[in-house]
Amino acid sequence: MPGDAKVYIIWPSDGAVIKGGFWIRMGLSNAGVAPANTVKLNTGHHHLLIDSDLPPLDEPIPNDKQHLHFGLGQTEA
Ligand SMILES: [Cu+2]
């Protein structure tokens with residue numbers, strides 16, 4: 001990814017307190033969102049880590065309730 005790429009959460013806002021389910025919207029600037037296994041420079045897909053430390057970046061990210069993959073290129077869930 002380029003050095004000025006930025007990933008962010010559009011909604012909910014930082015510190016929001018929500019009861020029950022919610023919709024999350026993720027954003028990316030200066031790079032592109034693409035499905036997993038897409039071979040195109042400066043693209044990737046979102047991962048959402050929930051109450052979890054950052055896993056080693058040179059290993060596959062686990063796929064469980066604390067490590068959500070959006071491998072179809074989804075930007076909301
Ligand atoms: Cu993934």
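Each ligand, and each atom within it, is numbered from 1 in the order the structure gives.
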Return the CD to NE2 distance between Gln74 and His69, rounded to the nearest 0.5 Å.
11.5 Å
Could you please spell out the steps behind the side-chain contact (heavy atoms from CB on, under 4.5 Å) verdict for Ile24 and Trp11?
CA-CA 6 Å; Ile24 184 166; Trp11 197 92; over 6 Å; no
I'd like to verify the contacts: list protein N, O or S atoms under a distance of 2.8 Å from the Cu ion (ligand 1).
His45 NE2, His47 NE2, His69 ND1
If we check side-chain hydrogen bond (donor to acceptor under 3.5 Å, both in side chains) with Ser52, which of these qualifies: Lys65, His67, Gln66?
His67
Could you tell me if Thr75 and His46 have a donor-acceptor pair between their side chains, going purely by distance under 3.5 Å?
no
To the closest 0.5 Å, what do you measure between CE (Met26) and OH (Tyr8)?
11.5 Å
Ignoring hydrogens and angles, tell me if any N or O in the side chain of His47 forms a donor-acceptor pair with the backbone of Asn63 under 3.5 Å.
no
